[in-house]
Amino acid sequence: MIVGEQKPLEEIKGFLDGSQKVLVVGCGTCVTVCFAGGEKEAQILAASLRMSTALTGAPKEVTDVTVQRQCEWEYLDLIKNEVQEADIIVSIACGIGVQAMAKHFPDKWVVPGLNTTFLGLPEEQGIWTEQCQACGNCILALTGGICPIARCSKQLLNGPCGGSEKGLCEVKRIKREHGLPVMQTDARGRKTPVIEDVDCAWHLIHERLKALGKLDMLTQIQPPKDWSTARDGGPRRIVREDLMLLDEG
Amino acid sequence: MSAQDSNGYKSGGNLEKVLRGGYFAVTGELGPPQNADGDHIRKKASHLRGVVDAVNITDNQTAVVRMSSLGAAFVAIQEGLEPVMQMTCRDRNRLAMQADFLSAYASGVRNMLALTGDHQSFGNHPTAKNVHDIDSLQLIRMLRDLRDEKKFECGEAIKGQEPRFFIGAAAAPEAGPTEYRPYRLAKKVEAGADFVQTQLVYNVEAFKKFMEVVRQLGLHEKLFILVGVGPLKGPAMARYMRDFVPGITMPDHIIERMENAAANIPKEEKNARNQAWRDEGIKVCIEIIQQVRDIEGVAGVHVMAIEWEEAVRPIVDGAGLLPRPAVD
Ligand code: SF4
Ligand code: SF4
């Protein structure tokens, strides 16, 4: 699923300058499941914006509505009236939903309330991890069902690199909340970001192929990837003429 | 065996000649400056000339912006050094790499070392986008195809002079999963590597285990293995390497030796302590060279004296490896 995280409230508030009637639009699919942009989050965000704009002495009228899927036209038609009423739309769907709103309501100013973070899965309660980069040419059959394009920091096809140690990648990630680094105070009283370990995807691939008795797969040299199926080939598009005909029929 | 030029060499460079001549090879390392000062390279080169057979010119090492390995290699050639130009997969895609290979060969570079590259998060531009269009294995294969098949990566023929490099790879014998490391080296041999330089080795016992498997696989007969060695500047550096550098294990006895080196010198005498540490670091390095030299299948050493080029001569000399051979 698509995983997102709400933007910092201050950033969203900054988008509202010059607008009075604000409509927060949630989405009932992926971002509901990851607790970032569903009905409940839309209500909370609307209340927070009402409260914090009131506190600054310039209260705004903030309402909210949530559709089943912001990335499908028929669902957007259902909120036509609410959208017409508003000066600005804060979409807390993924980036696809935001763009669908902007396209469907061409005369409305639409801004994002989420950072769309990755395609991933809920690893455990409260933890989501990236799994796929939608490269357009899936190689999971070569790597035991573990994706090095999304999960190796260097997207190696013939890993692991020399930075793999004790199952961890040499790369450490800055821990973030709402897109901002989480800070801590170190022993000398300095503020530093909290650093998190990252699994080495190629270590995982090695362990899995070993467990399944398929380590010899790692002796094959994988040739350079054809990135033209990925974003590097330009924006992608799928045309299914069989379905287009059905639609007309 | 891949195609060779009319002299029987793949590249005709000095490093290839020394290794094929059966000499125990010595390579060094020169980090280009974080500025546009060619004299910086000339000064470092003066410490290495005549002491090593070839010098690695690093490519934005630790992901810090520096003079490019291509430009610095060119200055090194003017200074009479043979460069081993490093190329990482972090900063260039296959177009930029091949363009640089053509330029490098035209400038006289004869050795190319294929590396994955440190992640940009370690360097001074952590917000940069990385490339990793191809990986180090694919880079080795590309270098081989450019040379032996006279083909660009896309398969198009090179019309005219092809870039003929002696192809280097890196190996990290102690990185994880260690059991896979000899097999990854085997893959690099198959891809077309002519020589390999290893990550710094301090744990000679662990390295011997790696070499046992390497010999079982017959890799030592298919490529030249140069062991990475380097002098420690003090106990803090030893501990740092133990704790923070992936792929290096630091035996306790080396840390103890470094700690004891200045144990009898009062703390206030900073210079004397530093000198004692550095002397000990050079001694340890020489001993490691002597130990790895005795391991079957080791063809040379790669001396990495990072920002301490002056140390290379006493190390190479102390290990009995001077003068360097002149092969024709
Ligand atoms: S190989 Fe490509 S499509 Fe398959 S999981 Fe990885 S990024 Fe996604
Ligand atoms: S340590 Fe593992 S995950 Fe990290 S870059 Fe290297 S191979 Fe990829």
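In what follows, chains carry the letters A, B, and so on, assigned in the order in which the sequence lines appear, proteins first and then strands, with residues in each chain numbered from 1.
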Highest number of heavy-atom pairs under 4.5 Å with chain A: which of Gly117(B), Ser121(B), Pro173(B), Ala171(B)? Gly117(B)
With heavy-atom distances below 4.5 Å as the criterion, would you say the side chains of Asn203(B) and Ile254(B) are in contact? no
Around atom OH of Tyr183(B), are there more than 12 heavy atoms from other residues, nucleotides or ligands closer than 6.0 Å? no
Does some side-chain heavy atom of Val31(A) sit less than 4.5 Å from a side-chain heavy atom of Thr116(A)? no
Lys/Arg-Asp/Glu bridge criterion (N-O < 4.0 Å) met for Asp59(B), Arg92(B): yes
Is a side-chain donor-acceptor pair under 3.5 Å present for Asn56(B) with Gln197(B)? yes
Phe15(A) side chain reached by Val90(A) side chain, heavy atoms, under 4.5 Å: no
I'd like to know if the side chain of Gln70(A) reaches the main chain of Val25(A), judged simply by a donor and an acceptor atom lying under 3.5 Å from each other, with no hydrogens or angles considered. yes
Output yes when a side-chain donor or acceptor of Gln99(A) lies under 3.5 Å from a complementary backbone atom of Gly95(A), and no otherwise. yes
Report yes if some heavy atom in the side chain of Phe224(B) is under 4.5 Å from a heavy atom in the side chain of Val298(B); otherwise report no. no
Phe207(B) versus Tyr202(B): any side-chain heavy-atom pair under 4.5 Å? no
Applying a heavy-atom distance below 4.5 Å, give me the residues of residues 213-226 of chain A that approach chain B, sorted by number. Leu218(A), Thr219(A), Gln220(A), Ile221(A), Gln222(A), Pro223(A), Pro224(A), Lys225(A)
Do you know which of Arg181(B), Glu153(B), Lys188(B) has the most heavy-atom pairs with chain A at a distance under 4.5 angstrom? Arg181(B)
What part of Glu179(B) lies closer than 4.5 angstrom to a heavy atom of chain A: side chain, backbone, both or neither? side chain
Under 3.5 Å, is there a donor-acceptor pair linking the side chains of Thr117(A) and Glu5(A)? no
Please determine which of Val24(A), Leu114(A), Leu45(A), Val111(A) meets the side-chain contact (heavy atoms from CB on, under 4.5 Å) test together with Ile12(A). Leu45(A)
If you count the non-hydrogen atoms of other residues, nucleotides and ligands that lie under 6.0 Å from NZ in Lys209(B), is the total more than 12? no
Which one wins on heavy-atom pair count under 4.5 Å against chain B: Leu156(A), Asn158(A), Val171(A)? Asn158(A)
Of the backbone (N, CA, C, O) and the side chain (C-beta and beyond), which part of Arg94(B) lies under 4.5 Å from a heavy atom of chain A, both, or neither? side chain
Tell me the residues of residues 130-138 of chain B whose non-hydrogen atoms fall below 4.5 Å from those of chain A, in number order. Asn130(B), His132(B), Asp133(B), Ile134(B), Asp135(B), Leu137(B), Gln138(B)
Would the distance check show the side chain of Asp186(A) and the main-chain N or O of Arg190(A) forming a donor-acceptor pair, the cut-off being under 3.5 Å? yes
Counting only non-hydrogen atoms closer than 4.5 Å, can you tell me which residues of residues 136-154 of chain A sit against chain B? Ser153(A), Lys154(A)
Which portion of Ala175(B) sits near chain A, non-hydrogen atoms under 4.5 angstrom: both
Non-hydrogen atoms of chain A under 4.5 Å away: do they reach the side chain of Ile248(B), the backbone, both or neither? backbone
For the residue pair Glu170(A) and His119(B), confirm or rule out a side-chain donor-acceptor distance under 3.5 Å. no
If you measure from the Lys or Arg side-chain nitrogens to the Asp or Glu carboxylate oxygens, is any gap between Glu190(B) and Lys187(B) under 4.0 Å? no
Counting only heavy atoms closer than 4.5 Å, note whether Ala186(B) contacts chain A via side chain, backbone, both or neither. neither
With a strict 4.5 Å heavy-atom criterion, list every residue of residues 193-208 of chain A that contacts chain B, or say none. His203(A), His206(A), Glu207(A)
Over 60° means perpendicular and under 30° means parallel, so tell me whether Phe165(B) and Tyr105(B) are parallel, tilted or perpendicular. perpendicular
More than 12 foreign heavy atoms under 6.0 Å from CD of Glu307(B): is that the case here? yes
Do Glu29(B) and Thr58(B) have a side chain donor and acceptor closer than 3.5 Å? no
Hey, does the side chain of Arg231(A) reach the backbone of Cys135(A) with a donor-acceptor pair shorter than 3.5 angstrom? no
Any side-chain heavy atom of Thr192(A) sitting closer than 4.5 Å to one from Met183(A)? no
Note: vs chain B, highest number of non-hydrogen pairs under 4.5 angstrom among Lys210(A), Gln155(A), Arg173(A) is Lys210(A)
